[in-house]
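Lettering of chains follows the sequences in order, A, B, ..., and the numbering in each one begins at 1. Values reported hereafter were calculated over all heavy atoms of this structure, with side chains retained and with hydrogens, waters and symmetry mates removed.
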Amino acid sequence: MDTQTLLVYFAKASYLLAAALFILGIKRMSSPVTARAGIKWAGIGMVIATLATFAITGAHNVGWIVAGIAIGVIPTWLWGRKVAMTDMPQMVALFNGMGGGSAAAIGAGELLKFSQPGAPVPPIATLALAVVGALIGSISMTGSIIAWAKLDGRMDKVFRFGGQQAVNFIVFAASVLAGLALVAWKLDANLVIVFFALALAFGVLMTLPIGGADMPVVISLYNAFTGLAVAFEGYAMGIEALIVAGMVVGAAGTFLTQLMAKAMNRPISNVLFSNFGGGGSGEAIAGSQKAIEASDAASLLYMAEKVIIVPGYGMAVAQAQHKIWELSQALIKAGKDVRFAIHPVAGRMPGHMNVLLAEAGVPYDLIADMDDINPEFKTCDVAIVIGANDVVNPAAKTDKSSPIYGMPILDVVDSKQTIVIKRGKGTGFAGIENALFYADNTRMLYADGKEAANQLIAELKAVEGGGGH
Amino acid sequence: MSFVSFVFQSLLFRTSEPRGKIMIDGFLALYIFMLAAFTGKEIIGRVPVILHTPLMSGSNFVHGIVLVGAMIALAHAESPLAIAIGFVGVVLGAGNAAGGYVVTERMLEMFKSSKDGKK
């Protein structure tokens, strides 16, 4: 066996090991206890696979390879180190777009190589998957960049024009036709360029009309897209590690996208092809919102035994999570049973709120999922809603004309007493009035989230200091 | 040649190239695709909602393995255009892997139980 063959076997064995480490790593990430080890396992797999690849590449273009890795790794590493936790969704979108772009670049390289005069004709399965992978990767790249720009506040949230869906369909159909032509008709370099231009344009067009509220689903979808693109390009190049890792991510991402869409009661087709809140605006609500002062709210908390805190993204925008945890610690010290109730889509990605609370130091065992906490509201003395709106709106259960009808919600309305911390009387993301805010046992504490938490901490101290029982 | 036999022939087409690029039998590849897809679904099915964001980020990191493909593509590139495309692929793939790892690790570092004590 010559040295070259030995090196290839060495690299292939390393890929096998890396693929196993990826799967075990993701599996360990499925529990909070082992999650930290999980990402490290996957990281070790990545380092092994990357180093072993040098055994295949040899010395040819090695300078370019090393320079490319350095240029790719150093800025993203430094940026990823310091980015704020609230900005995580757009970072994931951006890194995902880079992966999609990389898969598209592999596809472009393969297709251009095949299209050279005198090049051997590739097997049709190889060619077809190279084309499909390039198409999906290109859409994922430009789509993720638009998603990043929207979440980062660099672009108007929604961009619509007349006949947009027709234009999108035509561009998509044209890119598919160009891809088909490459596979079945003619491998022409100009056609390859047209194909990529159409695919990249479709990624942009597809994402432009989608609003910020739906972005989590879109990022998750593009994450799955990139996984599939990597798997298909892996087949075209004959690298098993790409096939396995890409397909695992593609399937996991698709499943996660479905979970998210289900939690938001928005079929994926709705997210992609229609507008939010297009239907009725729901029934008008009788009654009025009843305000409360921080001192009275503190007394309610002082007398409560069981307190459930329901944070929404508004809390994170107000940077109030540290203060809320301080308030919770004060309540726990006073002997109250304090839990956090998290809606599956609280924050801007599923689980984003958990990350933000974890950053503030809230232990994960105080944080409860919707299904676990919902029966608990009946025995809850005071529920504190901060920065959440649509996810606690009882209209989702009772009002068939409401655009959010059918969306699973947190049953805060069952709580004996509710305090809603809110800056003003405005409506939520979906622009719908919230009956919970008008309920007889709900009191509104109108203040900025951080300020309100501060006041409650101070007032609670005053109540405790002033005697009580 | 009928369409069906055309498809079958392409699926059964085997060849191998030098430098480690080995074409995989079409049906075997379909099995790998299928099994990997089930694995992905099974793995994520047991994940609690609190870990969905780190998990999305973690799976985002895992498809950074595309870097390996881009490295091999660049190593085979001859023309300046092919080198340029391969280089872009390596830069983007490396960015995906490095960025994905850093943000996932940072998020997971923060998940602590109340039994772990104060940090």
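- With a threshold of 4.5 angstrom between heavy atoms, L129(A) approaches chain B through side-chain atoms but not through N, CA, C or O.
- Tested against M110(B) for a side-chain contact (heavy atoms from CB on, under 4.5 Å), the candidates V355(A), L356(A), N354(A) yield a single pass: V355(A).
- The most heavy-atom pairs under 4.5 Å with chain A, out of S79(B), G69(B), S57(B), G100(B), come from G69(B).
- For the pair I56(A) and Y15(A), the minimum side-chain heavy-atom distance is below 4.5 Å.
- Nearest heavy-atom pair, H352(A) versus M85(A), reported as atom, atom and distance to 0.1 Å: NE2-O, 3.1 Å.
- Interface remark: V83(A) contributes backbone and side-chain atoms alike to the contact with chain B (heavy atom separation under 4.5 Å).
- The side-chain heavy atoms of V62(B) and V248(A), taken from C-beta on, include no pair separated by under 4.5 Å.
- Among the candidates M353(A), K40(A), M141(A), the residue making the largest number of heavy-atom pairs closer than 4.5 Å to chain B is K40(A).
- Comparing S59(B), G58(B), A97(B), G64(B) by how many heavy-atom pairs each has under 4.5 Å with chain A, the most go to S59(B).
- In this structure, T50(A) and I65(B) have side chains that are not in contact, with every pair of non-hydrogen atoms separated by 4.5 Å or more.
- Comparing A105(A), S102(A), A224(A) by how many heavy-atom pairs each has under 4.5 Å with chain B, the most go to S102(A).
- Taking chain B as the reference chain and counting heavy-atom pairs below 4.5 Å, the highest number among I71(A), T226(A), V244(A) is found for T226(A).
- For the options N96(B), L81(B), L35(B), T104(B), heavy-atom pairs under 4.5 Å to chain A are most numerous at N96(B).
- Atom CG of residue L67(B) and atom CE of residue M98(A) lie 11.0 Å apart, to the nearest 0.5 angstrom.
- For chain B, the nearby part of F255(A) is the side chain; its heavy atoms alone come within less than 4.5 Å.
- With contacts defined as side-chain heavy-atom distances shorter than 4.5 Å, the pair F232(A)/F33(B) qualifies.
- Looking at M29(A), both its backbone and its side chain come within 4.5 Å of chain B, counting heavy atoms on both sides.
- Contact count versus chain B (heavy atoms, under 4.5 Å) is highest, among V33(A), V73(A), V62(A), for V73(A).
- Heavy atoms only, all atoms of each residue included: G107(A) and F196(A) are closest at C-CZ, 4.1 Å.
- The most heavy-atom pairs under 4.5 Å with chain A, out of A77(B), A73(B), A84(B), come from A77(B).
- Heavy-atom distances place both the backbone and the side chain of I26(A) under 4.5 Å from chain B.
- For chain B, the option among N223(A), I106(A), L357(A), T254(A) with the highest count of heavy-atom pairs below 4.5 Å is N223(A).
- Heavy atoms closer than 4.5 Å to chain B are found nowhere in A70(A), neither backbone nor side chain.
- Nearest heavy-atom pair, P54(B) versus L108(B), reported as atom, atom and distance to 0.1 Å: CB-CD2, 3.6 Å.
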So H63(B) and N96(A), side-chain hydrogen bond (donor to acceptor under 3.5 Å, both in side chains) or not? Walk me through it. CA-CA 8 Å; H63(B) 65 51; N96(A) 179 56; 3.0 Å; yes
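- Taking chain A as the reference chain and counting heavy-atom pairs below 4.5 Å, the highest number among T39(B), V88(B), N60(B), L51(B) is found for N60(B).
- Ranked by heavy-atom pairs shorter than 4.5 Å toward chain B, the options G246(A), A108(A), G109(A), S220(A) are led by S220(A).
- Side-chain contact between M91(A) and W79(A): present, with at least one pair of heavy atoms (C-beta onward) separated by less than 4.5 Å.
- Between chain A and the residues V66(B), I85(B), V90(B), the largest count of heavy-atom pairs under 4.5 Å involves V66(B).
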